[in-house]
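Worksheet for the structure shown next.
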Amino acid sequence: MGPQDNLDLPKAFRRVDSDRRDDAFPDIVGYRDYKKGLEVNLSALRERIKDFGKYKADLPLSIDLPKRGFTLRPGLVPLIDDRITYQAIADLLSKHFSSEPNVYSNRLARPSSNRMFIQGVELWIAFQNKVEEYCHQYPFVVETDITAYFDHINHELMLSRISDLFSKSLDQSELKTVKELLYQMWGRWNVGYLKHFGIPQINDASSFMSNLYLDELDKWLLSHKFIYLRYVDDIRIFANSEPEARKSLADLIVKMREMGLYVASGKTKIQKSADVIGELSKGRNQIKEIETEIDSGNSERMNLAAEKLKSFFLQLVGEPQDFNDRLFRFCIHRFKKLQVTGLGGETQDRVISEVLSRLITMPESTDVFVDYLSLFKDNEFIQFAVLNFLESQNNIYAWQEMLLLELLVRLNITKENLVRSYQYANSVIAKNKHPACKARAYVFLGKHGSYAERRDIRSRYHQEKNESTRRAIIVAVQEIRVKERNCFYKGIADDSRSIRQIIDYIQNLSVPTYDYYNPPSSYKVIPEDYDSDDLFDLGSEYFI
């Protein structure tokens with residue numbers, strides 16, 4: 001048995017499958033084709049890992065994501081085999097590591113969970129509660145975070161940190177395998193950036209590695225008696241006086257510099273704790289009231305919650321000087337659940353309008369917006385507004401364009417908007433835009449095109465060099481005549497294992513499928529006067 005045999009690949013795949021909802025560059029079928037042949041695929045992957053000295057990671061998919069303030073962060077998505085290997089290594093190491101109690105991000109879930117971490121929202125709330133608790137004890141707070149944190153992680157230092165942390169819990173052969181694999185993968189993934197620096201940001205395995213990297217800083221802060229809290233790269237230090245706060249910040253900057261890390265000066269400030277408490281309390285009581293009414297399950301109270309949410313939302317958008325983007329996203333998530341439950345319907349038109357108006361000012365939240373707008377498949381106003389945005393000068397970010405094209409795929413496009421949508425999708429391909437955008441454009445054209453237009457899509461397969469775009473074309477032409485389609489598929493099946501897999505998956509679909517949007521489950525609603533003669537609804541006391 002070699003070191004690679006301790007990597008739990010099936011568990012790693014389950015976690016990658018759960019983690020893919022946050023993918024910057026989503027797979028066109030969400031890895032369903034890989035999952036269909038999972039046993040064979042994982043067996044082949046084990047053979048690759050055995051010869052880890054020759055293991056060569058694939059180049060990742062990449063797309064830049066807009067951030068608050070209209071800056072960008074690189075979004076790298078490793079291909080599925082590498083991603084499973086990466087997650088399996090993180091799972092192996094996680095058995096032997098616990099963050100310091102002052103760290104509230106990326107805390108490990110139960111080993112049996114398909115998710116690697118406890119839900120982020122839960123941890124963020126706990127972090128905020130602890131910040132407030134310390135604010136009542138200390139009059140000053142240092143607020144800072146780390147500039148381009150994931151981009152500045154030094155591979156050599158990271159591997160050294162792994163040796164420090166795991167040399168006693170892993171045998172030397174196992175540790176060598178892990179470090180060789182990580183070094184090889186990270187080296188292939190930082191294409192176009194500083195050599196030997198940076199790891200992918202948006203996946204659970206990297207989030208775990210980031211906690212390993214900052215563990216030295218956490219231990220240094222504790223050993224020097226700092227009263228501090230950390231959430232990912234967001235750091236709070238509490239002090240008894242302003243000079244003490246300034247000294248703490250200066251010491252932190254020097255220590256971080258030794259680690260090749262730097263504070264974000266624009267996000268660094270020393271605040272009075274009373275002001276921080278005031279910021280934290282904004283909207284908190286209203287949110288708690290809304291959540292309490294929703295969680296009751298009682299239809300009357302849930303209708304009341306919908307009314308409270310409506311008032312809270314209108315107050316939020318009606319005071320632009322105090323607008324809070326976190327609270328806005330909170331409202332959108334709740335309106336999404338209320339919509340599928342059948343509550344709050346009279347407010348949704350206003351919510352839709354506010355969401356669409358923020359495609360320009362909040363591009364970083366487009367994924368949240370698109371999931372909400374996807375619930376209104378026949379809403380002509382949404383289709384019209386999205387096309388207006390896509391055709392405008394405000395359509396700057398490929399990531400946002402990709403998501404809005406995905407939204408058009410999900411919607412039932414009306415006759416009035418179909419020609420315009422079709423023209424826009426063709427322009428995306430003609431202008432040779434980002435492969436993620438072209439992939440969605442091809443799928444849209446395939447879903448709505450005639451048999452002649454699908455044949456035209458088929459003819460473009462060999463012109464496209466990017467495999468994610470080629471996979472989209474295979475999805476797009478699934479409704480040409482079966483014999484013709486299968487002949488095309490047979491001719492390209494030897495292009496790669498990934499191409500063979502998606503062909504097999506598409507050929508075995510019972511109905512044509514172009515998108516995989518899964519609406520949220522509804523809230524459980526219990527009527528006030530609920531009564532039932534169904535024995536399964538009765539409590540155990542009935543049988544005593």
Side-chain angles (χ1 to χ4, degrees), residues 67-71 73 99-107 120 123-154 157-158 160-161 164 194 197-198 201 207 210-284 321-327:
K67 296 174 64 177
R68 292 172 69 185
F70 307 107
T71 57
R73 65 178 175 184
S99 299
E100 297 298 337
N102 305 61
V103 178
Y104 279 78
S105 55
N106 305 319
R107 288 187 177 177
L123 294 175
W124 174 253
I125 291 171
F127 172 71
Q128 288 188 307
N129 289 340
K130 196 66 178 179
V131 168
E132 185 173 9
E133 178 186 325
Y134 279 163
C135 280
H136 286 292
Q137 300 175 37
Y138 301 90
F140 290 91
V141 185
V142 177
E143 294 186 0
T144 190
D145 71 8
I146 304 172
T147 298
Y149 167 40
F150 282 80
D151 300 341
H152 286 106
I153 289 178
N154 182 304
L157 285 178
M158 183 78 244
S160 176
R161 196 83 74 252
D164 291 339
L194 290 174
F197 283 85
Q201 182 167 350
S207 296
S210 73
N211 261 357
L212 298 186
Y213 196 74
L214 284 185
D215 187 64
E216 180 178 329
L217 179 64
D218 294 326
K219 287 179 166 54
W220 180 86
L221 286 164
L222 288 173
S223 67
H224 285 74
K225 309 302 182 186
F226 282 81
I227 307 301
Y228 89 102
L229 299 169
R230 179 168 70 81
Y231 187 92
V232 192
D233 56 353
D234 200 352
I235 298 171
R236 302 285 185 272
I237 298 175
F238 303 86
N240 286 307
S241 67
E242 188 167 359
E244 181 185 330
R246 290 180 184 176
K247 177 67 165 57
S248 297
L249 177 58
D251 290 344
L252 175 68
I253 290 171
V254 172
K255 176 59 182 176
M256 285 175 54
R257 191 185 300 149
E258 293 174 5
M259 299 173 64
L261 300 173
Y262 305 91
V263 300
S265 56
K267 297 180 180 179
T268 299
K269 53 190 174 182
I270 295 173
Q271 290 208 93
K272 292 181 179 179
S273 293
D275 294 336
V276 174
I277 291 172
E279 291 175 11
L280 289 173
S281 63
K282 280 184 181 178
R284 178 179 288 183
Q321 68 277 8
D322 293 324
F323 181 78
N324 184 302
D325 59 340
R326 290 185 189 276
L327 294 178

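Only heavy atoms go into these numbers, but all of them, side chains included; no hydrogens, no water, no symmetry mates. Computed from a prediction, not measured in an experiment: that's the story for all the values here.
For C135 against V276, the heavy-atom pair with the smallest separation is SG-CG1, 3.8 Å. Minimum interatomic distance between Q201 and F150 (heavy atoms only, all atoms of both residues): CG-CD1, 3.6 Å. Scanning both residues, P139 and A239, for their nearest heavy atoms gives CD-O, 3.3 Å. Here the shortest heavy-atom pairing between A245 and F140 reads CB-CB, 4.4 Å. Contact detail for N240 and Q137: the closest heavy-atom pair is OD1-O, 4.5 Å. In terms of heavy atoms, S248 sits closest to I237 at CB-CG2, 3.9 Å.
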| task | Please report the C-alpha distance between S105 and L123 in whole Å, then the side-chain angles of each, then the deciding distance to 0.1 Å, and finally whether the side-chain contact (heavy atoms from CB on, under 4.5 Å) criterion is met. | result | CA-CA 6 Å; S105 55; L123 294 175; 5.7 Å; no
Review point. side-chain contact (heavy atoms from CB on, under 4.5 Å) between M158 and L212: does it pass, once the steps are laid out?
Key: CA-CA 8 Å; M158 183 78 244; L212 298 186; 3.5 Å; yes
**Request:** Assess whether side-chain contact (heavy atoms from CB on, under 4.5 Å) is satisfied between V131 and E279, documenting all intermediate values.
**Result:** CA-CA 11 Å; V131 168; E279 291 175 11; over 6 Å; no
### Task
Give the intermediate values and the outcome of side-chain contact (heavy atoms from CB on, under 4.5 Å) for residues D234 and Y104.
CA-CA 10 Å; D234 200 352; Y104 279 78; over 6 Å; no
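Here the side chains of K130 and F127 are not in contact, with every heavy-atom distance at 4.5 Å or above. Inter-residue side-chain proximity for H224 and K255 is flagged as unmet; no heavy-atom pair is nearer than 4.5 Å. The side-chain heavy atoms of E133 and N129, taken from C-beta on, include no pair separated by under 4.5 Å. Side-chain contact between V232 and L214: absent, with no pair of heavy atoms (C-beta onward) separated by less than 4.5 Å. Side-chain contact between S99 and R107 is absent, with no heavy atoms from C-beta onward closer than 4.5 Å. Between H152 and M256 there is no side-chain heavy-atom pair separated by less than 4.5 Å. For the pair L221/L252, a side-chain contact is recorded, criterion being any heavy-atom separation below 4.5 Å from C-beta on. With contacts defined as side-chain heavy-atom distances shorter than 4.5 Å, the pair R257/Y262 qualifies.
Side-chain atoms of N154 never come within 3.5 Å of backbone atoms of M259 as a donor-acceptor pair (strictly under, hydrogens ignored). Using a distance-only test at 3.5 Å, with no hydrogens or angles considered, no donor-acceptor pair links the side chain of Y138 to the main chain of I227. A donor-acceptor pair is defined here as one N or O able to donate and one able to accept, closer than 3.5 Å; such a pair exists between the side chain of R161 and the backbone of Y213.
D164 contributes atom CG, which lies 10.0 Å from atom NZ of K219 (distance to the nearest 0.5 angstrom). Atoms CD and CG, from E100 and L217 in turn, are 11.0 Å apart once rounded to the nearest 0.5 Å. Taking OG1 of T144 as the reference point, atom CD1 of I235 lies at 6.5 Å (rounded to 0.5 Å). With rounding to the nearest 0.5 angstrom, the CG atom of D151 is 11.0 Å from the CG atom of L261. A distance of 8.5 Å separates CZ in R236 from CD in Q271, rounded to the nearest 0.5 Å. Here I270 contributes atom CD1 and E242 contributes atom CD; the two are 6.0 Å apart, rounded to the nearest 0.5 Å.
Between the side chains of D218 and Y228, at least one donor-acceptor pair of N or O atoms lies under 3.5 Å.
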